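Here's the structure we're looking at; comments come further down.
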Amino acid sequence: DVKVTQSSRYLVKRTGEKVFLECVQDMDHENMFWYRQDPGLGLRLIYFSYDVKMKEKGDIPEGYSVSREKKERFSLILESASTNQTSMYLCASSVPGTYLLGGYGYTFGSGTRLTVV
Amino acid sequence: AQKVTQVQTEISVVEKEDVTLDCVYETRDTTYYLFWYKQPPSGELVFLIRRNSFDEQNEISGRYSWNFQKSTSSFNFTITASQVVDSAVYFCALSVGTSGSRLTFGEGTQLTVNP
C-alpha cells in the first residue's frame, strides 16, 4: 500500500526551538508539498519541491524552510518556533502529468499537529 | 493567481437529507483540474474526485454526485440520503496547468449529519 508518512502525529515544542517535521513517501513521486491547515482558512501551501534539492516558496513561507536531499524525503523546518505556528501540518506528494496523459492525483500524509507553547 | 471559495463554513443536516456543498473557483488558465477531498476526524485527506477543465460531464458515484459548470466556475458536490458517516470536513481544490502541480484549497465545509 503506497503511502506518505509523517514522522509524528502530535508534537509539543517550546517557543524559540528549532523544529523538524519529516515526511517520507514510498511512491517515487517527483513532487512534494507542505501545507498548513487552520480552521476557516483551509490548507495553505508553505513550500513545495519538484525534484531533489529543488524548492519553491508557496503562499506562506515566512518562518519556515525546507530540505529535500533525497527524492523520498521532504523536511519542513521551523527555524525558531513561535506560538502562531501552532497548527496542523500536512505533507503530500504527486506525479506530474498532463491532460492527455490523464494527470495524477495527490497522496496526503495523516498530518502532524504541532503545538508551540 | 488561483482562488477557491467554499462559502458554506458549516452545514448541519439530519440523516437521509440531501445536501449540496458549493465550490466556486477562479483561474485564468484554460487547463486546470478540480478536486474534492474528505477529511474525517482522523485527519487524513481522502480523495473523492478529480475533474479536468475539458470534461464538463457530471459524475455520479453511489450517493455522491458532482456538477461542474464552467459558465459559472462552479464545481458543486451533492450527497444524496446523507449518513452519519458522511460527517467530515470537505475541501474543494484546484490545480492549474500540469496535473500534479500545487493545489489551491478552499476554506473547507464542515458537514455534520445528525441521526
Side-chain angles (χ1 to χ4, degrees), chain A residues 1-6 8-10 25 27-51 55-61 87-114, chain B residues 1-11 21-27 29-56 88-110 112:
Chain A
D1 192 20
V2 294
K3 60 172 58 177
V4 173
T5 302
Q6 293 183 232
S8 303
R9 188 81 171 107
Y10 297 95
Q25 51 99 356
M27 297 163 287
D28 202 34
H29 284 177
E30 285 87 349
N31 302 341
M32 296 189 75
F33 309 84
W34 274 107
Y35 288 88
R36 170 178 171 161
Q37 181 180 357
D38 300 288
L41 297 177
L43 279 73
R44 294 177 292 167
L45 183 64
I46 306 171
Y47 267 97
F48 58 104
S49 169
Y50 287 148
D51 203 348
K55 58 184 178 183
E56 298 281 344
K57 291 181 180 180
D59 300 319
I60 51 166
S87 186
M88 169 72 93
Y89 291 87
L90 286 156
C91 177
S93 70
S94 73
V95 172
T98 67
Y99 163 68
L100 290 177
L101 295 176
Y104 200 77
Y106 302 77
T107 303
F108 283 84
S110 299
T112 296
R113 187 166 293 282
L114 173 68
Chain B
Q2 286 66 239
K3 186 177 180 182
V4 177
T5 302
Q6 294 177 251
V7 294
Q8 302 141 314
T9 305
E10 295 182 20
I11 300 176
L21 283 62
D22 297 329
C23 173
V24 175
Y25 62 93
E26 296 176 30
T27 179
D29 287 71
T30 55
T31 301
Y32 53 89
Y33 297 81
L34 294 163
F35 299 78
W36 275 96
Y37 285 89
K38 174 182 180 179
Q39 187 180 46
S42 60
E44 190 164 341
L45 281 172
V46 177
F47 168 78
L48 296 178
I49 190 171
R50 182 192 73 217
R51 259 286 176 267
N52 69 59
S53 51
F54 300 100
D55 183 1
E56 284 192 75
V89 181
Y90 290 86
F91 290 100
C92 181
L94 165 74
S95 72
V96 300
T98 302
S99 177
S101 62
R102 55 173 292 173
L103 278 169
T104 298
F105 284 85
E107 303 88 343
T109 298
Q110 170 71 61
T112 302

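Naming: A, B, ... by sequence-line order, numbering from 1 per chain. The structure presented is a predicted model; accordingly, all values stated were derived computationally and were not measured.
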Practice task
Can you measure from CD (B/Gln2) to CG (A/Asp59) and round to the nearest 0.5 angstrom?
Solution key: 9.5 Å
Fill in the blank from the handout: Heavy-atom nearest pair, B/Ser101 first then A/Tyr50, reads CB-OH, 3.7 Å
Exercise for the section: Go through the steps for B/Phe105 and A/Tyr35 under the test ring pair (Phe, Tyr, Trp, His ring centres under 6.0 Å), then give the verdict. Expected result: CA-CA 10 Å; B/Phe105 284 85; A/Tyr35 288 88; 5.3 Å; yes
Exercise for the section: Side chain from CB out, backbone as N, CA, C, O: work out which of these in A/Arg113 comes under 4.5 Å of a heavy atom of chain B, or both, or neither. Expected result: neither
Exercise for the section: I would like to know whether A/Gln37 and B/Gln39 meet side chain to side chain contact (heavy atoms under 4.5 Å, CB included); could you show each step before the answer? Expected result: CA-CA 11 Å; A/Gln37 181 180 357; B/Gln39 187 180 46; 2.7 Å; yes
Problem - Proximity of A/Tyr106 and B/Tyr37 rings by center, below 6.0 Å - result: no
Practice task
Give, as side chain, backbone, both or neither, the part of B/Gln110 having an atom under 4.5 angstrom from any heavy atom of chain A.
Solution key: neither
Practice task
Evaluate the side-chain proximity of B/Leu45 to A/Leu43: yes if any heavy-atom separation is below 4.5 Å, no if none is.
Solution key: yes
Practice task
Kindly give the heavy-atom pair with the smallest separation between A/Ser110 and B/Glu44, and that separation in Å.
Solution key: OG-OE1, 3.2 Å
Exercise for the section: Return the option, out of A/Glu56, A/Arg9, A/Arg44, with the maximum number of heavy-atom pairs under 4.5 Å with chain B. Expected result: A/Arg9
